[in-house]
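What follows is a single structure, written as C-alpha coordinates, with notes after it.
The chain is numbered in sequence order, starting from 1.
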Amino acid sequence: MHRNRRRATVAASALIIGGLTVAAVGAPALAAPTPDTSALTQAVTIGGLKAQLAALQAIADTNGGTRAAGTPGYEASLDYVQDTLEAAGYSVTRQPFSYSFIEYDGSTLDQTAPAATSYPFIDAFYPMEFTGTGAVTAPVRAVDVNLSGDRASTSGCESADFAGFPTGSIALIQRGSCDFSVKAANAVAAGATGVIIFNQGNTDPNDDRFGVFGGTLSSATWTQTPVPVVSSSFEVGAELVGTAGLVMRINVVTTATTINTANLIADTPGGRADRTVVVGAHLDSVPEGPGINDNGSGTATLIETALQLSNLGIQPENRIRFAFWGGEEDGLIGSTYYVSQLSKTQIKQHLVNLNFDMLGSPNGGRFVYDGDGSGFGTVGPNGSDVIEGVFDSYFASKNLPTEPTAFDGRSDYFAFIEAGIPAGGLFSGAEDIKSPDQAVKFGGTAGIAFDPCYHQACDTSANISDAIFEQLADAAAHATLVFGDTQSAVNGTAKGKAAGQFKPAFKGNNALR
(Lines give C-alpha, C1' and ligand atoms only; values in the text may rest on other atoms or scores of the structure.)
Protein backbone atom coordinates (compact mmCIF):
# COMPACT_ATOMS: atom_id res chain seq x y z
CA MET A 1 0.00 0.00 0.00
CA HIS A 2 1.36 3.36 -1.05
CA ARG A 3 1.66 6.52 0.95
CA ASN A 4 4.03 9.30 -0.18
CA ARG A 5 7.15 7.28 -0.91
CA ARG A 6 10.19 9.32 -1.89
CA ARG A 7 11.08 7.67 -5.16
CA ALA A 8 9.57 7.10 -8.57
CA THR A 9 9.48 4.66 -11.45
CA VAL A 10 9.10 4.86 -15.19
CA ALA A 11 7.26 1.74 -16.17
CA ALA A 12 5.38 1.18 -19.38
CA SER A 13 7.97 2.32 -21.86
CA ALA A 14 10.46 -0.02 -20.19
CA LEU A 15 8.18 -3.02 -19.80
CA ILE A 16 9.47 -6.27 -21.18
CA ILE A 17 7.00 -9.06 -22.03
CA GLY A 18 8.62 -12.17 -20.69
CA GLY A 19 -25.22 -14.67 -8.73
CA LEU A 20 -25.96 -14.79 -5.08
CA THR A 21 -28.42 -12.95 -2.92
CA VAL A 22 -26.88 -10.37 -0.63
CA ALA A 23 -28.56 -10.13 2.73
CA ALA A 24 -27.85 -6.47 3.49
CA VAL A 25 -30.79 -4.15 2.96
CA GLY A 26 -30.42 -2.22 -0.26
CA ALA A 27 -27.38 -4.22 -1.38
CA PRO A 28 -27.23 -5.36 -5.02
CA ALA A 29 -27.82 -8.98 -5.86
CA LEU A 30 -26.55 -11.68 -8.17
CA ALA A 31 -28.68 -14.44 -9.56
CA ALA A 32 -28.06 -17.50 -7.39
CA PRO A 33 -28.19 -18.44 -3.70
CA THR A 34 -25.21 -17.50 -1.56
CA PRO A 35 -22.95 -20.55 -1.21
CA ASP A 36 -22.18 -21.87 2.24
CA THR A 37 -18.66 -20.61 2.88
CA SER A 38 -18.49 -21.60 6.54
CA ALA A 39 -16.21 -24.61 6.03
CA LEU A 40 -13.69 -22.41 4.20
CA THR A 41 -13.79 -19.50 6.63
CA GLN A 42 -13.43 -21.88 9.58
CA ALA A 43 -10.44 -23.53 7.90
CA VAL A 44 -8.70 -20.17 7.40
CA THR A 45 -7.38 -19.73 10.92
CA ILE A 46 -5.08 -17.25 12.58
CA GLY A 47 -2.65 -20.11 13.20
CA GLY A 48 -2.37 -20.88 9.51
CA LEU A 49 -2.19 -17.22 8.57
CA LYS A 50 0.60 -16.50 11.02
CA ALA A 51 2.54 -19.53 9.83
CA GLN A 52 2.59 -17.88 6.39
CA LEU A 53 3.73 -14.61 7.93
CA ALA A 54 6.50 -16.45 9.76
CA ALA A 55 7.69 -17.90 6.44
CA LEU A 56 7.78 -14.44 4.85
CA GLN A 57 9.59 -13.02 7.88
CA ALA A 58 12.20 -15.77 7.66
CA ILE A 59 12.73 -14.99 3.98
CA ALA A 60 13.33 -11.32 4.79
CA ASP A 61 15.62 -12.18 7.71
CA THR A 62 17.90 -14.20 5.45
CA ASN A 63 17.86 -11.62 2.64
CA GLY A 64 18.90 -8.31 4.14
CA GLY A 65 15.65 -7.58 5.95
CA THR A 66 13.59 -6.81 2.85
CA ARG A 67 11.44 -8.44 0.17
CA ALA A 68 11.41 -5.48 -2.23
CA ALA A 69 10.98 -6.10 -5.96
CA GLY A 70 14.24 -6.92 -7.69
CA THR A 71 15.93 -8.16 -4.50
CA PRO A 72 16.86 -11.73 -3.45
CA GLY A 73 14.14 -11.46 -0.79
CA TYR A 74 11.50 -10.98 -3.45
CA GLU A 75 12.84 -13.85 -5.55
CA ALA A 76 12.75 -16.10 -2.49
CA SER A 77 9.17 -14.98 -1.83
CA LEU A 78 8.23 -15.95 -5.40
CA ASP A 79 9.84 -19.36 -4.94
CA TYR A 80 8.06 -19.94 -1.64
CA VAL A 81 4.60 -19.09 -2.96
CA GLN A 82 5.12 -21.07 -6.16
CA ASP A 83 6.33 -24.20 -4.36
CA THR A 84 3.52 -24.00 -1.81
CA LEU A 85 0.69 -23.61 -4.31
CA GLU A 86 2.03 -26.04 -6.89
CA ALA A 87 2.16 -28.67 -4.14
CA ALA A 88 -1.53 -27.93 -3.47
CA GLY A 89 -2.48 -28.60 -7.09
CA TYR A 90 -2.60 -25.11 -8.55
CA SER A 91 -1.39 -24.24 -12.03
CA VAL A 92 1.31 -21.67 -11.31
CA THR A 93 3.04 -19.39 -13.81
CA ARG A 94 5.33 -16.42 -13.56
CA GLN A 95 4.71 -13.30 -15.61
CA PRO A 96 8.06 -11.51 -16.00
CA PHE A 97 8.36 -7.78 -16.57
CA SER A 98 10.97 -5.07 -16.19
CA TYR A 99 10.89 -1.39 -15.33
CA SER A 100 13.21 1.50 -14.60
CA PHE A 101 13.52 2.47 -10.97
CA ILE A 102 14.34 6.18 -10.74
CA GLU A 103 16.14 7.87 -7.87
CA TYR A 104 16.66 11.64 -7.60
CA ASP A 105 19.56 11.87 -5.16
CA GLY A 106 21.73 14.86 -6.04
CA SER A 107 18.83 17.05 -7.18
CA THR A 108 18.90 20.62 -5.87
CA LEU A 109 16.66 23.67 -5.55
CA ASP A 110 18.33 27.03 -4.85
CA GLN A 111 17.42 30.67 -4.71
CA THR A 112 20.17 32.71 -6.40
CA ALA A 113 18.56 36.17 -6.04
CA PRO A 114 17.81 38.33 -4.16
CA ALA A 115 19.61 36.07 -1.65
CA ALA A 116 21.48 32.79 -1.84
CA THR A 117 19.35 30.06 -0.26
CA SER A 118 19.46 26.28 -0.68
CA TYR A 119 16.32 24.24 -0.01
CA PRO A 120 16.78 20.76 1.49
CA PHE A 121 16.02 17.75 -0.69
CA ILE A 122 12.93 15.82 0.47
CA ASP A 123 12.21 18.16 3.40
CA ALA A 124 11.52 21.21 1.20
CA PHE A 125 11.21 19.91 -2.36
CA TYR A 126 11.09 16.72 -4.43
CA PRO A 127 11.15 16.04 -8.19
CA MET A 128 7.92 14.85 -9.76
CA GLU A 129 7.63 11.54 -11.54
CA PHE A 130 8.13 12.01 -15.31
CA THR A 131 9.90 15.33 -14.76
CA GLY A 132 12.47 16.54 -17.22
CA THR A 133 16.06 16.50 -16.05
CA GLY A 134 18.97 18.93 -16.03
CA ALA A 135 19.57 22.40 -14.60
CA VAL A 136 17.84 25.71 -15.28
CA THR A 137 18.41 29.12 -13.68
CA ALA A 138 15.75 31.74 -14.40
CA PRO A 139 13.46 34.42 -12.93
CA VAL A 140 10.32 33.09 -11.27
CA ARG A 141 6.74 34.13 -12.07
CA ALA A 142 3.84 33.10 -9.80
CA VAL A 143 0.77 31.92 -11.70
CA ASP A 144 -2.72 32.73 -10.37
CA VAL A 145 -2.00 31.67 -6.77
CA ASN A 146 -4.32 32.14 -3.80
CA LEU A 147 -2.76 32.47 -0.33
CA SER A 148 -5.83 33.79 1.49
CA GLY A 149 -9.02 32.33 2.94
CA ASP A 150 -9.48 28.65 2.14
CA ARG A 151 -6.68 28.88 -0.45
CA ALA A 152 -8.87 27.30 -3.10
CA SER A 153 -6.76 27.22 -6.22
CA THR A 154 -7.05 26.64 -9.95
CA SER A 155 -3.49 27.89 -10.44
CA GLY A 156 -2.15 26.83 -13.83
CA CYS A 157 -5.25 24.89 -14.81
CA GLU A 158 -6.12 27.15 -17.76
CA SER A 159 -3.87 28.46 -20.48
CA ALA A 160 -5.31 31.91 -19.74
CA ASP A 161 -3.56 31.77 -16.34
CA PHE A 162 -0.30 32.30 -18.22
CA ALA A 163 -1.29 35.48 -20.03
CA GLY A 164 1.80 37.73 -20.08
CA PHE A 165 4.04 34.97 -18.74
CA PRO A 166 7.67 35.83 -19.60
CA THR A 167 9.14 33.19 -21.89
CA GLY A 168 12.11 31.46 -20.31
CA SER A 169 10.91 31.96 -16.72
CA ILE A 170 10.24 29.35 -14.05
CA ALA A 171 6.52 28.97 -13.32
CA LEU A 172 5.53 28.95 -9.63
CA ILE A 173 2.19 27.15 -9.43
CA GLN A 174 -0.06 26.24 -6.51
CA ARG A 175 -1.49 22.76 -6.07
CA GLY A 176 -5.26 22.46 -6.46
CA SER A 177 -8.20 21.58 -8.71
CA CYS A 178 -6.59 20.00 -11.79
CA ASP A 179 -3.94 17.37 -12.48
CA PHE A 180 -0.27 18.29 -12.17
CA SER A 181 0.20 17.11 -15.75
CA VAL A 182 -2.23 19.81 -16.92
CA LYS A 183 -0.45 22.51 -14.93
CA ALA A 184 2.96 21.50 -16.26
CA ALA A 185 1.76 21.20 -19.85
CA ASN A 186 0.21 24.68 -19.72
CA ALA A 187 3.43 26.09 -18.28
CA VAL A 188 5.56 24.48 -20.99
CA ALA A 189 3.20 25.77 -23.68
CA ALA A 190 3.62 29.28 -22.24
CA GLY A 191 7.41 29.04 -22.53
CA ALA A 192 8.38 28.02 -18.98
CA THR A 193 11.83 26.48 -18.61
CA GLY A 194 11.03 24.95 -15.23
CA VAL A 195 8.08 24.47 -12.88
CA ILE A 196 7.69 24.55 -9.09
CA ILE A 197 4.33 23.27 -7.83
CA PHE A 198 3.90 24.07 -4.14
CA ASN A 199 1.38 22.46 -1.83
CA GLN A 200 -2.01 24.10 -1.53
CA GLY A 201 -1.98 25.02 2.16
CA ASN A 202 -5.57 24.05 2.94
CA THR A 203 -7.06 21.44 5.23
CA ASP A 204 -7.93 18.19 3.44
CA PRO A 205 -9.07 15.24 5.61
CA ASN A 206 -7.79 12.77 3.02
CA ASP A 207 -4.38 14.28 2.23
CA ASP A 208 -1.58 16.44 3.55
CA ARG A 209 -1.81 19.80 1.79
CA PHE A 210 1.05 21.53 3.61
CA GLY A 211 4.20 19.42 3.38
CA VAL A 212 6.29 18.23 0.46
CA PHE A 213 4.39 15.66 -1.59
CA GLY A 214 5.20 12.97 -4.11
CA GLY A 215 3.50 13.80 -7.40
CA THR A 216 3.30 12.39 -10.89
CA LEU A 217 2.86 14.12 -14.23
CA SER A 218 1.21 11.12 -15.86
CA SER A 219 -1.47 8.59 -15.02
CA ALA A 220 -1.97 6.75 -18.29
CA THR A 221 0.72 7.98 -20.67
CA TRP A 222 4.43 7.71 -20.11
CA THR A 223 5.76 10.85 -21.78
CA GLN A 224 8.44 12.74 -19.91
CA THR A 225 7.81 16.46 -19.37
CA PRO A 226 10.53 18.40 -21.26
CA VAL A 227 11.47 20.72 -18.35
CA PRO A 228 12.38 20.12 -14.69
CA VAL A 229 9.30 19.99 -12.46
CA VAL A 230 9.48 19.77 -8.66
CA SER A 231 7.02 19.90 -5.79
CA SER A 232 7.57 21.94 -2.65
CA SER A 233 5.87 22.53 0.67
CA PHE A 234 3.29 25.27 1.11
CA GLU A 235 5.67 27.12 3.41
CA VAL A 236 8.37 27.29 0.73
CA GLY A 237 5.88 28.24 -1.98
CA ALA A 238 4.32 31.03 0.04
CA GLU A 239 7.78 32.39 0.82
CA LEU A 240 8.74 32.41 -2.86
CA VAL A 241 5.50 34.09 -3.93
CA GLY A 242 6.31 37.03 -1.66
CA THR A 243 9.94 37.44 -2.80
CA ALA A 244 10.64 40.32 -5.19
CA GLY A 245 13.30 39.90 -7.86
CA LEU A 246 13.33 36.16 -7.37
CA VAL A 247 15.67 33.97 -9.41
CA MET A 248 15.80 30.21 -8.81
CA ARG A 249 17.95 27.32 -9.97
CA ILE A 250 16.36 23.90 -10.40
CA ASN A 251 18.63 20.93 -11.01
CA VAL A 252 17.01 17.51 -11.40
CA VAL A 253 19.43 14.60 -11.39
CA THR A 254 18.23 11.05 -12.01
CA THR A 255 19.73 7.61 -11.64
CA ALA A 256 17.89 4.73 -13.33
CA THR A 257 18.16 1.08 -12.32
CA THR A 258 16.46 -1.66 -14.30
CA ILE A 259 14.35 -3.93 -12.10
CA ASN A 260 13.71 -7.40 -13.50
CA THR A 261 10.93 -9.11 -11.62
CA ALA A 262 7.64 -11.00 -12.06
CA ASN A 263 4.05 -11.49 -11.02
CA LEU A 264 3.02 -14.95 -9.82
CA ILE A 265 -0.30 -16.34 -11.07
CA ALA A 266 -1.90 -19.43 -9.48
CA ASP A 267 -5.10 -20.78 -11.07
CA THR A 268 -7.54 -23.33 -9.75
CA PRO A 269 -7.29 -26.48 -11.89
CA GLY A 270 -10.92 -26.13 -12.98
CA GLY A 271 -13.66 -23.53 -13.25
CA ARG A 272 -14.95 -21.37 -16.06
CA ALA A 273 -12.15 -19.31 -17.57
CA ASP A 274 -14.70 -16.90 -19.06
CA ARG A 275 -15.64 -15.84 -15.52
CA THR A 276 -12.22 -15.52 -13.93
CA VAL A 277 -12.11 -14.17 -10.38
CA VAL A 278 -8.77 -12.40 -9.82
CA VAL A 279 -7.90 -12.35 -6.13
CA GLY A 280 -4.85 -10.11 -5.80
CA ALA A 281 -2.28 -8.99 -3.25
CA HIS A 282 1.13 -7.47 -3.78
CA LEU A 283 4.03 -9.69 -2.82
CA ASP A 284 6.76 -7.05 -2.58
CA SER A 285 7.71 -5.02 0.45
CA VAL A 286 9.32 -1.61 0.63
CA PRO A 287 13.15 -1.66 0.72
CA GLU A 288 13.10 -0.36 4.29
CA GLY A 289 11.66 -3.51 5.86
CA PRO A 290 10.19 -7.02 5.57
CA GLY A 291 6.66 -5.80 4.85
CA ILE A 292 4.79 -8.29 7.00
CA ASN A 293 1.61 -6.27 7.35
CA ASP A 294 2.23 -4.43 4.05
CA ASN A 295 1.67 -6.74 2.38
CA GLY A 296 2.55 -10.05 3.90
CA SER A 297 -0.93 -10.02 5.43
CA GLY A 298 -2.61 -9.93 2.02
CA THR A 299 -0.17 -12.50 0.66
CA ALA A 300 -0.78 -14.86 3.59
CA THR A 301 -4.53 -14.50 3.14
CA LEU A 302 -4.31 -15.54 -0.50
CA ILE A 303 -2.03 -18.50 0.28
CA GLU A 304 -4.19 -19.79 3.13
CA THR A 305 -7.44 -19.35 1.17
CA ALA A 306 -5.95 -21.25 -1.76
CA LEU A 307 -4.60 -24.02 0.46
CA GLN A 308 -7.87 -24.51 2.32
CA LEU A 309 -9.90 -24.54 -0.91
CA SER A 310 -7.67 -27.38 -2.05
CA ASN A 311 -7.68 -29.20 1.31
CA LEU A 312 -11.47 -29.11 1.44
CA GLY A 313 -11.80 -30.36 -2.14
CA ILE A 314 -13.87 -27.33 -3.12
CA GLN A 315 -14.21 -27.03 -6.89
CA PRO A 316 -15.56 -23.55 -7.69
CA GLU A 317 -17.84 -22.89 -10.63
CA ASN A 318 -15.49 -20.21 -11.94
CA ARG A 319 -11.72 -20.12 -12.28
CA ILE A 320 -10.15 -18.43 -9.28
CA ARG A 321 -6.84 -16.77 -10.08
CA PHE A 322 -4.66 -15.93 -7.10
CA ALA A 323 -2.38 -13.12 -8.27
CA PHE A 324 0.72 -12.06 -6.36
CA TRP A 325 1.80 -8.71 -7.80
CA GLY A 326 5.37 -7.45 -8.09
CA GLY A 327 6.49 -3.83 -8.13
CA GLU A 328 3.44 -2.47 -6.32
CA GLU A 329 5.55 -0.34 -4.01
CA ASP A 330 7.22 1.23 -7.05
CA GLY A 331 3.98 2.35 -8.68
CA LEU A 332 1.50 -0.54 -9.15
CA ILE A 333 3.79 -1.87 -11.86
CA GLY A 334 2.95 -5.58 -11.82
CA SER A 335 -0.83 -5.30 -11.76
CA THR A 336 -0.73 -2.57 -14.41
CA TYR A 337 1.41 -4.81 -16.60
CA TYR A 338 -0.98 -7.75 -16.12
CA VAL A 339 -3.98 -5.74 -17.27
CA SER A 340 -2.03 -4.20 -20.15
CA GLN A 341 -1.49 -7.70 -21.59
CA LEU A 342 -5.22 -8.54 -21.69
CA SER A 343 -7.16 -8.38 -24.96
CA LYS A 344 -10.65 -6.88 -24.99
CA THR A 345 -12.08 -10.38 -24.96
CA GLN A 346 -9.93 -11.38 -22.01
CA ILE A 347 -10.97 -8.28 -20.09
CA LYS A 348 -14.61 -9.31 -20.50
CA GLN A 349 -13.70 -12.75 -19.18
CA HIS A 350 -12.65 -11.24 -15.84
CA LEU A 351 -15.60 -11.38 -13.48
CA VAL A 352 -14.17 -9.31 -10.61
CA ASN A 353 -10.92 -8.21 -9.00
CA LEU A 354 -10.68 -8.61 -5.23
CA ASN A 355 -7.79 -6.61 -3.76
CA PHE A 356 -6.28 -7.34 -0.35
CA ASP A 357 -3.55 -4.91 0.66
CA MET A 358 -2.85 -4.65 4.42
CA LEU A 359 -5.26 -6.76 6.46
CA GLY A 360 -3.59 -7.01 9.87
CA SER A 361 -2.71 -3.49 11.01
CA PRO A 362 -1.87 -3.58 14.74
CA ASN A 363 -4.24 -0.69 15.53
CA GLY A 364 -6.44 -1.61 12.59
CA GLY A 365 -9.98 -1.19 11.38
CA ARG A 366 -12.36 -2.97 9.04
CA PHE A 367 -12.50 -0.93 5.84
CA VAL A 368 -14.43 -2.00 2.73
CA TYR A 369 -13.76 -0.38 -0.65
CA ASP A 370 -16.55 2.03 -1.57
CA GLY A 371 -17.72 0.37 -4.77
CA ASP A 372 -20.98 2.30 -5.12
CA GLY A 373 -19.45 5.70 -4.36
CA SER A 374 -21.85 6.42 -1.51
CA GLY A 375 -19.04 7.11 0.93
CA PHE A 376 -16.51 9.04 -1.15
CA GLY A 377 -18.08 9.67 -4.54
CA THR A 378 -15.56 7.70 -6.60
CA VAL A 379 -17.48 4.87 -8.26
CA GLY A 380 -15.99 1.61 -9.49
CA PRO A 381 -17.16 -0.11 -12.69
CA ASN A 382 -20.64 -1.61 -12.73
CA GLY A 383 -20.61 -4.51 -10.30
CA SER A 384 -18.22 -2.95 -7.81
CA ASP A 385 -21.25 -2.17 -5.67
CA VAL A 386 -22.05 -5.89 -5.65
CA ILE A 387 -18.60 -6.65 -4.27
CA GLU A 388 -19.01 -4.04 -1.56
CA GLY A 389 -22.38 -5.55 -0.69
CA VAL A 390 -20.91 -9.03 -0.30
CA PHE A 391 -18.36 -7.78 2.22
CA ASP A 392 -20.86 -5.61 4.08
CA SER A 393 -23.30 -8.52 4.34
CA TYR A 394 -20.63 -10.84 5.68
CA PHE A 395 -19.49 -8.43 8.38
CA ALA A 396 -23.09 -7.63 9.30
CA SER A 397 -23.73 -11.36 9.81
CA LYS A 398 -20.86 -11.37 12.31
CA ASN A 399 -22.00 -8.15 14.03
CA LEU A 400 -18.74 -6.47 13.06
CA PRO A 401 -19.10 -2.79 12.08
CA THR A 402 -17.19 -1.49 9.06
CA GLU A 403 -16.41 1.78 7.33
CA PRO A 404 -15.96 2.47 3.62
CA THR A 405 -12.55 3.31 2.18
CA ALA A 406 -12.09 5.22 -1.05
CA PHE A 407 -10.93 4.03 -4.44
CA ASP A 408 -8.22 6.69 -4.26
CA GLY A 409 -5.80 4.97 -6.65
CA ARG A 410 -3.28 3.80 -4.06
CA SER A 411 -3.39 0.04 -4.65
CA ASP A 412 -3.54 -2.64 -7.32
CA TYR A 413 -7.23 -2.32 -8.21
CA PHE A 414 -6.27 0.79 -10.24
CA ALA A 415 -5.65 -0.87 -13.61
CA PHE A 416 -8.64 -3.19 -13.25
CA ILE A 417 -11.00 -0.30 -12.65
CA GLU A 418 -9.53 1.63 -15.59
CA ALA A 419 -10.21 -1.43 -17.77
CA GLY A 420 -13.83 -1.63 -16.58
CA ILE A 421 -13.41 -4.72 -14.40
CA PRO A 422 -15.49 -4.59 -11.19
CA ALA A 423 -13.24 -4.29 -8.14
CA GLY A 424 -13.40 -4.28 -4.39
CA GLY A 425 -11.58 -5.45 -1.33
CA LEU A 426 -10.53 -4.82 2.24
CA PHE A 427 -8.04 -2.63 4.07
CA SER A 428 -7.07 -2.40 7.76
CA GLY A 429 -5.52 1.09 7.69
CA ALA A 430 -2.03 2.53 7.22
CA GLU A 431 -0.49 5.78 8.48
CA ASP A 432 -3.76 7.66 9.04
CA ILE A 433 -4.70 8.37 12.66
CA LYS A 434 -7.48 6.39 14.32
CA SER A 435 -10.28 8.62 15.61
CA PRO A 436 -12.05 8.19 18.95
CA ASP A 437 -15.17 6.97 17.14
CA GLN A 438 -13.11 4.41 15.25
CA ALA A 439 -11.50 3.22 18.48
CA VAL A 440 -14.99 2.54 19.84
CA LYS A 441 -16.02 0.81 16.61
CA PHE A 442 -12.91 -1.30 15.97
CA GLY A 443 -11.08 -1.37 19.28
CA GLY A 444 -7.50 -0.19 19.60
CA THR A 445 -6.18 3.24 20.49
CA ALA A 446 -7.35 6.62 19.28
CA GLY A 447 -4.80 9.24 18.35
CA ILE A 448 -2.19 6.94 16.82
CA ALA A 449 -1.83 5.43 13.35
CA PHE A 450 -3.64 2.29 12.28
CA ASP A 451 -0.16 0.97 11.50
CA PRO A 452 2.59 2.89 13.32
CA CYS A 453 5.22 0.76 11.51
CA TYR A 454 3.88 1.52 8.03
CA HIS A 455 6.75 1.39 5.49
CA GLN A 456 9.34 0.94 8.23
CA ALA A 457 11.78 -1.72 9.36
CA CYS A 458 9.49 -2.50 12.32
CA ASP A 459 6.81 -3.92 9.99
CA THR A 460 7.65 -7.41 11.21
CA SER A 461 5.61 -10.43 12.26
CA ALA A 462 5.07 -8.63 15.60
CA ASN A 463 3.28 -5.82 13.74
CA ILE A 464 -0.06 -7.62 13.45
CA SER A 465 -3.43 -7.55 15.20
CA ASP A 466 -4.50 -11.19 15.33
CA ALA A 467 -8.16 -10.27 15.80
CA ILE A 468 -8.41 -7.82 12.88
CA PHE A 469 -6.29 -10.06 10.66
CA GLU A 470 -8.44 -13.14 11.17
CA GLN A 471 -11.68 -11.18 10.70
CA LEU A 472 -10.55 -9.64 7.42
CA ALA A 473 -8.94 -12.83 6.13
CA ASP A 474 -12.15 -14.78 6.78
CA ALA A 475 -14.14 -12.11 4.93
CA ALA A 476 -11.67 -12.32 2.05
CA ALA A 477 -12.04 -16.11 1.89
CA HIS A 478 -15.83 -15.76 1.99
CA ALA A 479 -15.92 -13.31 -0.92
CA THR A 480 -13.45 -15.41 -2.92
CA LEU A 481 -15.75 -18.42 -2.79
CA VAL A 482 -18.92 -16.38 -3.28
CA PHE A 483 -17.65 -15.03 -6.59
CA GLY A 484 -15.97 -18.32 -7.41
CA ASP A 485 -19.35 -20.01 -7.27
CA THR A 486 -21.64 -17.39 -8.81
CA GLN A 487 -23.35 -18.55 -12.01
CA SER A 488 -23.90 -15.11 -13.54
CA ALA A 489 -22.03 -12.03 -14.63
CA VAL A 490 -21.63 -9.23 -12.10
CA ASN A 491 -22.86 -6.50 -14.46
CA GLY A 492 -19.35 -5.26 -15.02
CA THR A 493 -17.10 -5.72 -18.02
CA ALA A 494 -19.98 -6.59 -20.35
CA LYS A 495 -21.12 -3.00 -19.82
CA GLY A 496 -17.74 -1.46 -20.60
CA LYS A 497 -15.77 0.98 -18.52
CA ALA A 498 -16.90 3.01 -15.57
CA ALA A 499 -18.00 5.87 -17.83
CA GLY A 500 -15.23 8.14 -16.62
CA GLN A 501 -16.43 8.00 -13.01
CA PHE A 502 -13.10 6.68 -11.70
CA LYS A 503 -11.15 9.83 -10.97
CA PRO A 504 -8.45 8.77 -8.53
CA ALA A 505 -6.38 11.30 -6.65
CA PHE A 506 -3.31 9.06 -6.73
CA LYS A 507 -1.49 6.58 -8.94
CA GLY A 508 0.16 4.35 -6.39
CA ASN A 509 2.39 6.41 -4.13
CA ASN A 510 2.20 9.58 -6.23
CA ALA A 511 -0.54 12.23 -6.22
CA LEU A 512 -2.11 13.11 -9.55
CA ARG A 513 -3.39 16.53 -8.45
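Smallest separation of non-hydrogen atoms from Ala419 and Ile347: O-CG2, 3.6 Å. Asp110 approaches Ser118 most closely through the heavy-atom pair OD1-OG, 2.5 Å. Across all their heavy atoms, Phe427 and Asp357 have their closest contact at CD1-O, 3.4 Å. When all heavy atoms of Val379 and Gly373 are compared, the closest pair comes out as CG2-CA, 3.9 Å. Heavy-atom minimum distance, Ala69 versus Asp284: N-CB, 3.8 Å. Between Val278 and Ala323, the closest heavy-atom pair is CG1-CB, 4.1 Å.
Remark: side-chain polar atoms of Thr66 are paired, donor with acceptor, to backbone N or O of Val286 under 3.5 angstrom. A donor-acceptor pair under 3.5 Å links the side-chain atoms of Ser285 to the main chain of Arg67, judged by distance alone. A distance-only check finds no donor-acceptor pair linking the side chain of Thr305 to the backbone of Leu302 [under 3.5 Å]. Ser231 places a side-chain N or O within donor-acceptor distance of the main-chain N or O of Tyr126, the cut-off being under 3.5 Å. Checking side-chain atoms of Arg321 against main-chain N and O of Thr276 turns up no donor-acceptor pair under 3.5 Å. In this structure, Asp179 contributes its side chain and Ser181 its backbone to no donor-acceptor pair below 3.5 Å. When atom types are taken as modelled, the side chain of Asn363 and the backbone of Ala449 share a donor-acceptor pair closer than 3.5 angstrom. Distance alone, capped at 3.5 Å, places no donor-acceptor pair between the Ser465 side chain and the Gly360 backbone. Gln57 places a side-chain N or O within donor-acceptor distance of the main-chain N or O of Ser461, the cut-off being under 3.5 Å. Looking at Thr225, its side chain never comes within 3.5 Å of a backbone N or O of Val227 through a donor-acceptor pair.
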Report task. Using the side-chain contact (heavy atoms from CB on, under 4.5 Å) rule, take Phe483 and Asn318 through it: C-alpha gap first, then chi angles, then the decisive distance, then the call. Result -> CA-CA 8 Å; Phe483 289 103; Asn318 305 318; 5.9 Å; no
Query - Arg513 and Cys178: CA distance, side-chain angles, deciding distance, side-chain contact (heavy atoms from CB on, under 4.5 Å) verdict - result: CA-CA 6 Å; Arg513 59 183 164 276; Cys178 65; 6.0 Å; no
Query raised in the report: Given the rule in the ring pair (Phe, Tyr, Trp, His ring centres under 6.0 Å) test, do Phe407 and Phe376 qualify, once you have shown the distances and angles that lead to the verdict?
Result: CA-CA 8 Å; Phe407 279 133; Phe376 294 90; 10.0 Å; no
Query - Criterion side-chain contact (heavy atoms from CB on, under 4.5 Å) on Leu56 and Thr299, from CA distance to verdict - result: CA-CA 9 Å; Leu56 296 173; Thr299 296; 4.0 Å; yes
Report task. Using the ring pair (Phe, Tyr, Trp, His ring centres under 6.0 Å) rule, take Tyr337 and Tyr99 through it: C-alpha gap first, then chi angles, then the decisive distance, then the call. Result -> CA-CA 10 Å; Tyr337 180 70; Tyr99 59 96; over 10 Å; no
Report task. Test Gln52 against Leu307 for side-chain contact (heavy atoms from CB on, under 4.5 Å), laying out the working first. Result -> CA-CA 11 Å; Gln52 300 302 332; Leu307 290 179; 3.8 Å; yes
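A 4.5 Å side-chain heavy-atom check between Phe97 and Ser340 finds every atom pair outside the cut-off. Between Pro404 and Val368, the closest side-chain pair of non-hydrogen atoms is not below 4.5 Å.
No side-chain donor-acceptor contact under 3.5 Å links Asn186 and Ser159. Side-chain contact annotation: Glu431 with His455, donor-acceptor N/O pair under 3.5 Å absent. With 3.5 Å as the limit, one finds no donor-acceptor pair spanning the side chains of Asn510 and Thr216. A donor-acceptor contact closer than 3.5 angstrom is absent between the side chains of Ser233 and Asn199. There is a side-chain donor-acceptor pair under 3.5 Å between Ser361 and Asn293. Of the N and O atoms on the side chains of Tyr104 and Glu129, not one donor lies less than 3.5 Å from an acceptor on the other residue.
Of the listed residues (Arg209, Gln174, Arg175), just one forms a side chain to side chain donor-acceptor pair (under 3.5 Å) with Gln200, and that residue is Arg209. The one candidate from Phe414, Tyr338, Tyr74, Phe356 that meets the ring pair (Phe, Tyr, Trp, His ring centres under 6.0 Å) condition with Trp325 is Tyr338. Just one residue in the list Ile265, Leu264, Thr93 forms a side-chain contact (heavy atoms from CB on, under 4.5 Å) with Gln82, and that residue is Leu264.
Using cut-offs of 30° and 60° on the angle between ring planes, the pair His350 and Phe416 is tilted.
The distance from the CD1 atom of Ile292 to the NZ atom of Lys50 is 11.5 Å, given to the nearest 0.5 Å. Note that the CG atom of Leu481 and the OG1 atom of Thr486 stand 11.0 Å from one another [nearest 0.5 Å]. To the nearest 0.5 Å, the span separating NZ on Lys183 from CG on Leu217 amounts to 12.0 Å. Distance CG/Asp412 to CG/Leu354: 13.0 Å, rounded to 0.5 Å. A distance of 6.5 Å separates CG in Asn295 from CG in Leu359, rounded to the nearest 0.5 Å.
Looking at residues two or more places apart in sequence or on another chain, you find no ring-ring contact (aromatic ring centres under 6.0 Å, His included) involving Phe198.
Other residues, nucleotides and ligands contribute only 12 or fewer heavy atoms inside 6.0 Å of the CD atom of Gln315.
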